[in-house]
Amino acid sequence: MKDKTRLAVFASGTGSNYDAIDQAIKQGTLDAEVVMIVCDRPGAQVIEKADQNKVATFVFDPKDYQTKVDFETEIAQQLREVKVDWVILAGYMRLVGPTLLAAYHGRMVNIHPSLLPAFPGLDAIGQALHAGVKVSGVTIHYVDQGMDTGKIIAQQPVKIEEDMTREVLQRKIQDVEHMLYPKTIQQLIKEGE
Ligand code: GAR
C-alpha cells in the first residue's frame, strides 16, 4: 500500500482549519496524515489541539531569532526530519521567506478569507465589510514570495447580506473554508500521484 501523504500545518491562532483537516482525515475523505504543526505563537490554541491529537509541534517565537532566515532554516530542518510532502498554511499570519519557499516550492498552499486578488493581507473580512462589497469568499492558492499573490487553485464565494455583522460573515466564511480546504488538498494529492 502507498504511504500516506505527509502534511505539515502552519498556524498562528485557533486552528479551526487544522481541525477540519484532521476531521476529514479521520472520516476518510482526506487521504493524508498531519505529521507536524508549526506555530509562531507560543500559547496559541492550535498547539493544544495538536497535543490532544498527539501530533508533533514546532513552536517558536520569532523574537528569539535574529532573522527570518534563522527560524526558517530551523523549520525546514524539522520538516525534513519528519519527511513532509506538503506544507499547508492555515491561519499562519506571517509572510513565508525564501528559505522555506525554496524547500517547498509548488508544495505549499495557503487559505485566505477573501476572493483574491481582492483584500489581501491582514483582516480580509474587515476589509470586505469596509468596502461594502456584496460578495466575498475564500481562496486557496499556492504560496509565492508575495502577500497572498500565488497562483489560485480554488475559490468559493460567500454572499454578504445587508447589515451582516462581522461575526456572522466570519462564521460563513469559516464554514466554507472548513469544507473547501480538505477537499482541495485531497485533489492536489490525487493530481500529484
Ligand atoms: C482563517 O480564516 C484563514 O483564512 C485566515 O485566518 C483564519 C485562521 O483561522 N488566514 C488569513 O487571513 C491569512 N492571510 P483558524 O486558525 O481557525 O484556522
side-chain contact (heavy atoms from CB on, under 4.5 Å) for E167 and Q170? Distances and angles first, verdict last. CA-CA 5 Å; E167 288 65 36; Q170 183 162 341; 5.8 Å; no
Using modelled atom types only, decide if a donor and an acceptor are shared between the side chain of H130 and the backbone of G126 within a distance under 3.5 Å.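 The answer is no, because no donor-acceptor pair under 3.5 Å joins these two groups.
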Can you see which heavy atom on [X] is nearest to which on [Y], and at what distance?
X    : Y    : value
V55  : V35  : CG1-C, 4.0 Å
M164 : L129 : O-CD2, 4.0 Å
D31  : K190 : OD2-NZ, 4.5 Å
A50  : I37  : CB-CG1, 3.5 Å
Y181 : L89  : OH-O, 2.7 Å
A32  : I189 : CB-CD1, 3.8 Å

Same apolar cluster (I L V M F W Y, side chains within < 4.5 Å links), L180/V109: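 Yes.
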With a 4.5 Å cut-off on side-chain heavy-atom distances among I, L, V, M, F, W and Y, is there a chain of contacts connecting V9 to L188?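 V9 and L188: one cluster.
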If you apply the rule side-chain contact (heavy atoms from CB on, under 4.5 Å), what do you find for R41 with V59, and how did you get there? CA-CA 7 Å; R41 292 209 189 134; V59 182; over 6 Å; no
Classify the side-chain pair E81/Q77 by whether it contains a donor and acceptor separated by less than 3.5 Å.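 Yes, Q77 and E81 have a side-chain donor paired with an acceptor closer than 3.5 Å.
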Distance alone, cut at 3.5 Å: any donor-acceptor contact between the side chains of Y65 and E74?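 Looking only at side-chain atoms, E74 and Y65 do form a donor-acceptor pair, the distance falling under 3.5 Å.
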May I ask you to test the [X]-[Y] pair for a side-chain heavy-atom distance under 4.5 Å?
X    : Y    : answer
H112 : V138 : no
V96  : Y104 : no
F119 : I125 : no
Q145 : L101 : yes
V34  : Y18  : yes
L169 : V158 : yes
E33  : I25  : no
S12  : R94  : no

I'd like to know if [X] and [Y] make a salt bridge, using a cut-off of under 4.0 Å between side-chain N and carboxylate O.
X    : Y    : result
D175 : R171 : no
D85  : R6   : no
E177 : K172 : no

Count the heavy atoms belonging to other residues, nucleotides or ligands that lie under 6.0 Å from NZ of K68, then report whether that count exceeds 12.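 Yes, the 6.0 Å shell around NZ holds more than 12 heavy atoms from other groups.
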With sequence neighbours left out, write down each residue that passes side chain to side chain donor-acceptor pair (under 3.5 Å) with T67, or none if nothing qualifies.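 Checked T67 against side chain to side chain donor-acceptor pair (under 3.5 Å); matches are D70.
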Criterion side chain to side chain contact (heavy atoms under 4.5 Å, CB included) against M108, the qualifying member of D144, I88, L100: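 Among D144, I88, L100, the one that satisfies the side chain to side chain contact (heavy atoms under 4.5 Å, CB included) with M108 is L100.
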Would H141 and K151 count as a side-chain contact (heavy atoms from CB on, under 4.5 Å) if you check the C-alpha gap in whole Å, the side-chain angles of each, and the deciding distance to 0.1 Å? CA-CA 5 Å; H141 63 93; K151 183 169 180 274; over 6 Å; no
Start with the C-alpha distance between K49 and D19, add both sets of side-chain angles, then the distance that settles side-chain contact (heavy atoms from CB on, under 4.5 Å), and finish with yes or no. CA-CA 8 Å; K49 291 180 173 154; D19 255 344; 3.3 Å; yes
If hydrophobic residues (ILVMFWY) are linked whenever their side-chain heavy atoms come closer than 4.5 Å, directly or via other members, who joins L115 in its cluster?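 L115 shares its hydrophobic cluster with V135.
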If you apply the rule salt bridge (charged side-chain N to carboxylate O under 4.0 Å, His left out), what do you find for K63 with D40, and how did you get there? CA-CA 10 Å; K63 288 201 292 289; D40 62 342; over 6 Å; no
